Each structure stands twice: as C-alpha cells, then as structure tokens.
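Keep in mind that this is a model prediction, so the values were computed, not measured.
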Amino acid sequence: HPGYEGMGTDPDVQPAVWRDLVYIAFRGGTLIAIDRFEPSVRWRREFVTKHSLNLSPAVHEDALYHYGADDFLYALNPADGTTRWRTRAF
C-alpha cells in the first residue's frame with residue numbers, strides 16, 4: 001500500500017468512518033486517517049505500544065476514540081488527530 005510503509009503489520013481490525021475520513025489502526029502503534037475520496041493520508045499518529053493488543057478505533061459524535069496500547073484510552077479530534085484527553089484504561 002503506497003504511503004503505509006513503516007506502520008507495522010497490516011491492519012487486523014475494522015476501520016472507523018467519520019465524514020470524509022477513514023481511520024485505520026495498525027498493530028505497530030500507528031493510527032492513520034485516510035481521505036475517503038482521494039487516496040491520501042490526511043494525518044498520522046504514532047502511539048507507544050507495550051504489547052500487541054490492537055483494537056478498532058471508534059467515532060462517537062465529534063470524537064475519535066483509540067486505545068493506544070500504552071494502557072491509555074485517547075479521545076482525539078477526528079479532523080486532525082490531536083489529543084483532546086486521555087485516561088488510564090486498565
């Protein structure tokens with residue numbers, strides 16, 4: 001996949017969709033937002049990975065939720081990937 005190099009293994013979870021973006025989490029700790037209508041990566045976030053757990057991202061209202069595998073649950077701005085808040089998940 002062009003533009004996906006260095007993101008860890010192929011995604012093995014369901015993507016999430018919000019407006020014109022598709023969110024894909026990779027086992028290596030990368031979360032990306034891809035434009036649904038143009039094959040381009042809009043933004044990319046790297047998360048610390050302590051283990052190989054990989055969960056699907058989820059969108060609710062105007063927040064993107066992602067388990068970062070560093071034992072934190074993140075609420076992100078779905079448009080640009082910035083962190084709104086995080087909390088210890090386990």
Side-chain angles (χ1 to χ4, degrees):
H1 306 284
Y4 300 169
E5 296 85 7
M7 293 188 195
T9 60
D10 288 335
D12 59 353
V13 295
Q14 294 295 317
V17 178
W18 177 81
R19 297 185 183 168
D20 62 340
L21 296 174
V22 177
Y23 305 97
I24 303 171
F26 291 82
R27 189 171 293 282
T30 302
L31 177 67
I32 63 170
I34 299 174
D35 190 295
R36 284 180 26 184
F37 305 106
E38 299 176 19
S40 62
V41 175
R42 288 267 201 94
W43 56 260
R44 172 181 173 159
R45 287 279 309 263
E46 301 294 333
F47 290 89
V48 174
T49 55
K50 293 167 80 175
H51 41 76
S52 63
L53 178 64
N54 194 22
L55 301 174
S56 297
V59 178
H60 179 68
E61 296 179 358
D62 283 335
L64 172 65
Y65 299 95
H66 178 65
Y67 175 66
D70 57 356
D71 294 335
F72 282 93
L73 174 67
Y74 291 83
L76 306 174
N77 178 330
D80 62 14
T82 56
T83 300
R84 291 185 175 166
W85 54 260
R86 72 178 192 157
T87 187
R88 187 160 302 279
F90 296 102

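Residue Ile24 holds its CD1 atom at 11.5 Å from OG1 of Thr30, rounded to the nearest 0.5 Å. Put simply, OH on Tyr74 and CH2 on Trp85 are 11.5 Å apart, with the number rounded to the nearest 0.5 Å. Atom CZ of residue Arg45 and atom OH of residue Tyr23 lie 12.5 Å apart, to the nearest 0.5 angstrom. Arg42 CZ to Asp35 CG: the interatomic distance, rounded to the nearest 0.5 Å, is 4.5 Å.
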>> Let's go through Trp18 and Leu64 carefully: what are the C-alpha distance in whole Å and the side-chain angles of both, what is the deciding distance for side chain to side chain contact (heavy atoms under 4.5 Å, CB included) to 0.1 Å, and is it a yes or a no?
In response: CA-CA 9 Å; Trp18 177 81; Leu64 172 65; over 6 Å; no

>> Before you tell me yes or no, could you show the steps for Leu31 and Trp43 under side chain to side chain contact (heavy atoms under 4.5 Å, CB included), namely the whole-Å CA-CA distance, both residues' side-chain angles and the distance that decides it to 0.1 Å?
In response: CA-CA 9 Å; Leu31 177 67; Trp43 56 260; 3.9 Å; yes

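In this view, Arg84 satisfies the salt bridge (Lys or Arg N to Asp or Glu O under 4.0 Å) rule with no residue, not counting sequence neighbours.
Closest approach of Leu21 to Pro78, counting heavy atoms only: CD1-O, 3.4 Å. Across every non-hydrogen atom of Pro57 and Ala16, the tightest pair is O-CB, 3.5 Å.
Two different hydrophobic clusters hold Tyr65 and Leu76 under the rule that ILVMFWY side chains link at heavy-atom gaps under 4.5 Å.
A donor-acceptor pair under 3.5 Å is formed between the side chain of Arg36 and the backbone N or O of Arg19.
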